[in-house]
Colleague: 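The structure that follows is given in the form of structure tokens.
Every chain is numbered from 1 and lettered A, B, ... according to where its sequence line falls, protein lines coming before strand lines.
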4 protein chains.
Amino acid sequence: MIDPWSPRSFAEQLADVLRTKIDSGEWRPGHKLPGEITLAQTYDVARGTVRAALDQLREEGRVVTFTGRGTFVTPEATGSPGA
Amino acid sequence: MIDPWSPRSFAEQLADVLRTKIDSGEWRPGHKLPGEITLAQTYDVARGTVRAALDQLREEGRVVTFTGRGTFVTPEATGSPGA
Amino acid sequence: MIDPWSPRSFAEQLADVLRTKIDSGEWRPGHKLPGEITLAQTYDVARGTVRAALDQLREEGRVVTFTGRGTFVTPEATGSPGA
Amino acid sequence: MIDPWSPRSFAEQLADVLRTKIDSGEWRPGHKLPGEITLAQTYDVARGTVRAALDQLREEGRVVTFTGRGTFVTPEATGSPGA
DNA sequence: GTGGTCTAGACCACC
DNA sequence: GTGGTCTAGACCACT
């Protein structure tokens, strides 16, 4: 899903992928995201890249993270309220 | 009552729930709290998490515990003196 | 080992039994005694009786007990220093 | 170094050991303590017990810990200013 | 019954 | 790598 030839950075691409899951409703409000390591393995990117992508989503208010607990989809972050 | 997606840890959430019962006067001074095991079952958390929550309330001076007897609401811990 | 027809109380008899194990060196300094429940089952006496016997040995300085840890033979409590 | 027959709990004993290293100046201000897992292995106790010991030293102001970095001796925690 | 201590393991974000 | 949180279980003395 991450395209090395894309003009967008890995982090941006990963953020796009995750953002889509959130906005599409695949990951609903309150959903617990996979851990950083799992995401890194799943998309074959470095952990730093995962952190950069999550930083972006955090700034957008789509996810919130809590030390020792995990990263979660913000309750009000869904683009498709229906579904 | 414990929300895994809350920004607060399980222990903090449980402390919040218990603190509210105390401050609201639902549990009046001298009231004996449910046992640690009962609380763990009631809120579906581990006993260690219950103890962490009670540790917090103990530091706040809202409850006192006696080995072999239980945990009780401190005489001066109520927010609603009336009732 | 506890004789219902003995003129000595169950607690005294149990204390005698345990004291012998200590003084004889069978239970050496630092030895951790069986738990109260185990002792009660082993000698077929009530837990209160076990506590009474242990109280006696504590007064004699032969054992020390710590909440949540257990009861131990006092380091200097052996009658047979040799062994 | 942790004595199961001590009158003090494992956590207290471990706190004693570490406190001595600090107060004696063996671990000077700013010194980074071994990680929790290392301490657990070194003293053969569970990590939870290590954390209980560190909690105590933290309350005493002898150490400070930073998530993801480690636990360090507080600048003012030394008993032997010279050395 | 109660709380107190300890174990062994897991998964998490942070650096 | 680090510490932070949580689980599930054990055994203990105390009341």
Colleague: Specify the separation, in whole Å, of atom CD of C/Gln41 and atom C1' of F/dC12.
Modeller: 14 Å
Colleague: Applying side-chain contact (heavy atoms from CB on, under 4.5 Å), name anything that partners B/Thr67, two or more places apart in sequence or on another chain.
Modeller: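 If we apply the side-chain contact (heavy atoms from CB on, under 4.5 Å) test to B/Thr67, skipping adjacent residues, the hits are C/Thr67.
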Colleague: For DNA chain E, what is the dot-bracket line, given that a base pair needs Watson-Crick (N1 to N3, plus N6-O4 or O6-N4) or G-U wobble (N1-O2 and O6-N3) geometry with both distances under 3.5 Å, and | means paired with another strand?
Modeller: ||||||||||||||.
Colleague: I'd like to check the side-chain contact (heavy atoms from CB on, under 4.5 Å) partners of D/Thr20; sequence neighbours left out, ordered by chain and number.
Modeller: none
Colleague: Which parts of nucleotides 5-15 of chain E does protein reach within less than 4.0 Å, heavy atoms only, written one letter per nucleotide 5' to 3' as B for base, S for sugar-phosphate only and - for none?
Modeller: BSB--B-BSBB
Colleague: If only atom types and distance count, is the side chain of B/Thr74 paired as donor or acceptor with the main-chain N or O of B/Gly61 below 3.5 Å?
Modeller: yes
Colleague: Under 3.5 Å, side-chain donor or acceptor atoms of residues 52-59 of chain A against the rest of the protein: list the pairs with distances, not counting sequence neighbours.
Modeller:
unit_1, atom_1, unit_2, atom_2, d
A/Asp55, OD1, A/Arg58, NH2, 2.7
A/Gln56, NE2, A/Glu60, OE2, 2.8

Colleague: Can you name the side-chain contact (heavy atoms from CB on, under 4.5 Å) partners of A/Arg47, sequence neighbours left out?
Modeller: A/Glu36, A/Ile37, A/Ala40
Colleague: May I ask you to decide if B/Thr38's main-chain N or O and B/Thr42's side chain share a donor-acceptor pair within less than 3.5 Å?
Modeller: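 At least one qualifying donor-acceptor pair exists.
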Colleague: Quick one: does B/Ser6's side chain have a donor or acceptor within less than 3.5 Å of a partner on B/Asp3's backbone?
Modeller: no
Colleague: Rounded to the nearest Å, what distance is computed from the CG atom of residue C/Leu57 to the C1' atom of nucleotide F/dA13?
Modeller: 16 Å
Colleague: Between A/Arg69 and B/Arg8 (side chain of the first, backbone of the second, donor and acceptor by atom type, cut-off under 3.5 Å), is there such a pair?
Modeller: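 Yes: the side chain of A/Arg69 pairs with the backbone of B/Arg8.
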